[in-house]
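Notes for the one structure printed next.
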Amino acid sequence: MATAPHSFIPLPDICPEVAEWVARVAQLTGPDQIHWCDGSAAETAGLRSELIARKELAPLNEQTFPDCYIAHSHPSDVARVEHLTFICSKNAEDAGPNNNWMAPDEAHRKMDDLFRGCMKGRTLYVVPYCMGPIDSPYSRCGVEITDSAYVVLNMQIMTRMGRAALERIAAEGGKFVRGTHSIGELDPNRRFIMHFPEELAIQSFGSGYGGNALLGKKCHALRIASYQARTEGWLAEHMLIVGLKSPQGETHYVACAFPSACGKTNLAMLIPPNTMPGWEVTTIGDDICWMQPGPDGRLWAINPESGYFGVAPGTSPKTNKNAYDMVRHDTLFTNVALTANNEPWWEGMGSGEPVIDWQGRPYDAKNGPAAHPNSRFTVSATNNPAYSKEAENPRGVPLSAIVFGGRRRELAPLVYEARNWNHGVLVGASVASETTAAATGAVGVVRRDSMAMKPFCGYNFGDYFAHWLSVGGKLKNPPRIFHVNWFRQNAEGKFLWPGFGDNLRVLSWMLDRCTGRAPDAQDTAIGYLPRPQDINTDGLSIDPAVLAELLSVKTEAWRKELADIRQYLHEFGSRTPGALYGELEQVEERFG
């Protein structure tokens with residue numbers, strides 16, 4: 001979409017709609033200067049130098065971690081703040097009980113007061129970006145205004161940022177998502193993240209951290225995009241996308257949605273076990289998936305991001321070798337610890353010793369973890385050894401399957417398949433995980449997280465479920481829908497399934513179902529389960545009794561689960577589609 005003459009046009013002159021909006025924001029915020037970002041390597045180097053000079057960024061060991069840097073956020077600003085995150089639709093019912101709501105007029109007044117004069121003495125950065133391949137019809141563009149050079153560096157990694165994005169906005173008539181951000185004073189009492197779906201706008205104040213500040217990520221790519229997708233007939237989802245190439249050379253693409261602590265990143269970068277030679281797994285995306293009905297009746301997907309903003313703790317050669325290897329060069333770390341050799345360190349890394357903690361203090365175990373539990377790395381997707389070039393395909397990739405999953409100790413079997421698309425929507429809507437003691441102090445508390453979108457859907461979940469049903473009705477060849485549970489345990493609390501790379505054994509059965517190579521399955525009340533002999537256990541030491549338990553459906557436990565699902569769906573009142581209740585009733589009837 002870019003043309004050669006544009007390379008000679010000053011950035012502010014490319015798109016009048018963007019320039020006019022920037023002028024209005026600048027008048028309100030009062031910056032000392034305005035910098036239009038072009039996304040060039042020279043620009044990135046200059047911003048790094050400025051941050052290093054201000055001691056807001058520091059280079060790491062150049063021999064062992066070349067072109068890697070570390071940053072630290074304020075101790076009060078280290079994670080998403082869902083209680084301060086609002087959907088500002090005109091009608092409160094449109095936001096739904098799954099969101100915090102604030103009236104748009106009230107939100108605008110509040111944010112205008114916060115933004116007024118907030119950039120005095122600072123630089124206002126104009127960050128045009130494209131979510132998705134720059135020439136894909138499935139991509140959407142935005143512009144973030146920010147006073148944080150750290151945010152600019154992250155957006156340069158996470159999006160297609162710069163001149164080409166601005167040119168695409170101009171070519172599309174000046175339509176873009178408007179994101180306004182200021183770190184403010186980093187005061188938790190003056191911190192808000194507002195979303196105006198009907199205006200395609202985001203306003204964030206008082207945080208410099210992650211999804212609160214990198215507005216292309218959760219704010220745009222999920223909360224605003226989910227609303228945009230509903231109005232335009234597609235889906236914006238919190239899903240990884242992985243390519244699976246069989247030993248026979250057949251490649252299929254699968255999108256998977258898991259709540260936190262359910263192995264999402266590990267699956268996105270899965271390494272086949274040595275006992276399954278010939279398989280190849282590639283990563284399209286690790287976090288977000290935009291899906292469009294294609295002209296062939298299939299569902300096509302793109303990863304709107306160009307980088308990973310991943311959690312560092314727990315990443316090791318054992319848990320996720322691809323992730324561990326990819327962050328050893330050209331990576332921006334946030335809130336990790338440091339070793340004596342000036343290398344990044346985090347809990348679960350498997351080697352090294354911290355000497356400086358995430359707050360820049362000499363490490364002392366009495367102060368808590370050396371790296372913040374939510375410390376992060378920002379790295380280009382191309383660093384991933386399993387990166388697929390199909391991530392840049394403007395057409396996207398066709399999905400053979402959609403997989404939902406949760407952490408359930410006893411209830412959900414290792415895997416089951418939905419009977420059809422509508423039943424699959426019920427499976428996704430009822431996704432739940434049980435809490436761990438480490439997370440909440442209470443074990444086994446069931447928390448519903450429909451499609452893993454509870455913190456990220458930009459409108460009423462009832463309408464969201466209806467939209468899923470609507471999209472499925474447009475597909476002649478919809479992907480099959482499955483549910484997995486890697487976390488089934490025995491009475492002693494021991495996991496029954498090995499997980500990690502061996503999860504490919506389950507994915508292989510799914511693909512056999514998608515291609516018709518596994519026509520026979522256990523027909524149960526909740527859906528189709530593999531027979532024990534259908535799971536490839538070659539080279540895997542697993543007792544037949546354990547495999548039978550993994551593939552069992554406990555009637556009484558499921559009857560209670562179905563009652564809980566019904567109660568959950570009632571939370572969305574008349575917005576919950578009747579077809580979903582119809583699917584629930586069919587499952588109840590199968591249990592008798």
request  = Specify whether Phe487 and Phe495 have parallel, tilted or perpendicular ring planes, treating 30° as the upper limit for parallel and 60° as the lower limit for perpendicular.
outcome  = perpendicular

task = Please identify each residue that fulfils salt bridge (charged side-chain N to carboxylate O under 4.0 Å, His left out) with Lys554, with sequence neighbours left out.
result = Glu549

key: Where at least one partner belongs to residues 310-324, residue pairs that pass salt bridge (Lys or Arg N to Asp or Glu O under 4.0 Å), sequence neighbours excluded   = Lys321-Asp325

inquiry  = Using a strict threshold of under 4.0 Å (side-chain N to carboxylate O), is an ion pair present between Arg80 and Glu82?
reply    = yes

key: Residues that His195 engages under ring pair (Phe, Tyr, Trp, His ring centres under 6.0 Å), provided they are two or more places apart   = none

request  = Only counting residues at least two apart or in another chain, list the ones meeting side-chain hydrogen bond (donor to acceptor under 3.5 Å, both in side chains) with Ser380.
outcome  = Thr382

ask   = Is there a side-chain contact between Arg48 and Tyr69, using heavy atoms and a 4.5 Å cut-off?
value = yes

request  = Answer whether the closest heavy-atom distance between the side chains of Val484 and Val506 falls below 4.5 Å.
outcome  = yes

query = Going from CD1 on Ile271 to CZ on Phe500, what distance comes out if it is rounded to the nearest 0.5 angstrom?
reply = 11.5 Å

ask   = Which pair of heavy atoms, one from Ser316 and one from Gly348, lies closest together, and at what distance?
value = CB-O, 3.2 Å

request  = List for me each residue that meets ring pair (Phe, Tyr, Trp, His ring centres under 6.0 Å) alongside His181, sequence neighbours excluded, and say none if there are none.
outcome  = none

ask   = Who passes side-chain contact (heavy atoms from CB on, under 4.5 Å) against His252, sequence neighbours left out?
value = Glu250, Ser400, Leu511, Thr515

Residue pair Phe309 / Arg376: nearest heavy atoms and the distance that separates them = O-NH1, 3.0 Å

ask   = Parallel under 30°, tilted from 30 to 60°, perpendicular over 60°: which one fits the rings of Phe461 and Tyr464?
value = tilted

query = Between Ser73 and Asn335, do the side chains contain an N or O donor and an N or O acceptor separated by less than 3.5 Å?
reply = yes

message = For Ser306, give me all partners under side-chain contact (heavy atoms from CB on, under 4.5 Å), at least two apart in sequence or on another chain.
response = Arg160

ask   = Between atom OG of Ser148 and atom CE of Met155, what is the distance when rounded to the nearest 0.5 Å?
value = 11.0 Å

key: side-chain contact (heavy atoms from CB on, under 4.5 Å) assessment of Tyr150 paired with Glu56   = CA-CA 8 Å; Tyr150 167 82; Glu56 295 177 26; 5.8 Å; no

inquiry  = Is there a side-chain contact (heavy atoms from CB on, under 4.5 Å) between Arg223 and Ile202? Walk through the geometry before answering.
reply    = CA-CA 10 Å; Arg223 296 191 189 100; Ile202 308 156; over 6 Å; no

Any side-chain heavy-atom pair of Val446 and Leu411 under 4.5 Å = no

ask   = Just how far is it from atom CG of Leu504 to atom CG of Leu267, taken to the nearest 0.5 Å?
value = 9.5 Å

remark   = To the nearest 0.5 Å, atom CG of Leu186 lies from atom CG of Asp77 at 5.5 Å

key: Audit row: Glu237, Trp468, side-chain hydrogen bond (donor to acceptor under 3.5 Å, both in side chains) steps and yes/no   = CA-CA 11 Å; Glu237 300 299 322; Trp468 262 82; 3.2 Å; yes

request  = Go through Ser204 and Asn212 one step at a time and tell me if the side-chain hydrogen bond (donor to acceptor under 3.5 Å, both in side chains) criterion holds.
outcome  = CA-CA 7 Å; Ser204 174; Asn212 305 333; over 6 Å; no

task = Using a strict cut-off of less than 4.0 Å between a Lys/Arg side-chain nitrogen and an Asp/Glu carboxylate oxygen, indicate whether Glu305 and Lys218 qualify as a salt bridge.
result = no

task = Could you check Trp497 against Asn503 for side-chain hydrogen bond (donor to acceptor under 3.5 Å, both in side chains), going step by step and ending with a plain yes or no?
result = CA-CA 9 Å; Trp497 182 250; Asn503 292 338; 2.8 Å; yes

message = Taking side-chain contact (heavy atoms from CB on, under 4.5 Å) as the definition, give me every residue that meets it alongside Asn384, ordered by chain and number, with sequence neighbours left out.
response = Met269, Thr283, Tyr308, Asn322, Met326, Ala386, Tyr387

request  = Kindly indicate, with the supporting measurements, whether the criterion side-chain hydrogen bond (donor to acceptor under 3.5 Å, both in side chains) is fulfilled by Asn536 and Ser508.
outcome  = CA-CA 8 Å; Asn536 175 2; Ser508 175; 5.9 Å; no

query = What residues form a salt bridge (charged side-chain N to carboxylate O under 4.0 Å, His left out) with Glu185, not counting sequence neighbours?
reply = Arg190

request  = Quick one: pull up OG1 in Thr339 and OH in Tyr363 and give me the separation to the nearest 0.5 Å.
outcome  = 14.0 Å

message = Quick one, Pro344 and Ile70 - any side-chain contact, counting heavy atoms below 4.5 Å?
response = no

remark   = So ring-ring contact (aromatic ring centres under 6.0 Å, His included) across residues 328-347, not counting sequence neighbours, yields Phe333-Trp346

side-chain hydrogen bond (donor to acceptor under 3.5 Å, both in side chains) partners of residues 258-270, not counting sequence neighbours, each pair once = His238-Lys264, Lys264-Asp287, Asn266-Asn320

ask   = Should Asn374 and Val311 count as side-chain neighbours, where that means a heavy-atom distance under 4.5 Å?
value = yes

inquiry  = Nearest 0.5 angstrom please: Thr331 OG1 to Ile157 CD1, how far?
reply    = 7.5 Å

Stepwise side-chain contact (heavy atoms from CB on, under 4.5 Å) test for Met276 and Asp538 = CA-CA 8 Å; Met276 295 183 70; Asp538 292 348; over 6 Å; no

inquiry  = Around atom CD of Glu353, are there more than 12 heavy atoms from other residues, nucleotides or ligands closer than 6.0 Å?
reply    = no

ask   = Does the side chain of Leu153 come within less than 4.5 Å of Leu57's, by heavy atoms?
value = yes

query = Are any of the side-chain heavy atoms of Trp279 and Ser246 separated by less than 4.5 Å?
reply = yes

ask   = Do other residues, nucleotides or ligands put more than 12 heavy atoms under 6.0 Å from the CG atom of Asn274?
value = no

ask   = Should Ile302 and Ser139 count as side-chain neighbours, where that means a heavy-atom distance under 4.5 Å?
value = yes

query = Are the charged groups of Glu434 and Arg408 less than 4.0 angstrom apart, N to O?
reply = yes

request  = Indicate the ring-plane relationship of Trp486 and Phe258, choosing parallel, tilted or perpendicular according to the 30° and 60° boundaries.
outcome  = perpendicular

Residues Met510, Arg480; criterion side-chain contact (heavy atoms from CB on, under 4.5 Å); working and verdict = CA-CA 9 Å; Met510 294 179 193; Arg480 296 199 183 204; over 6 Å; no

ask   = side-chain contact (heavy atoms from CB on, under 4.5 Å) with Gln156: which residues, sequence neighbours excluded?
value = Thr44, Met161

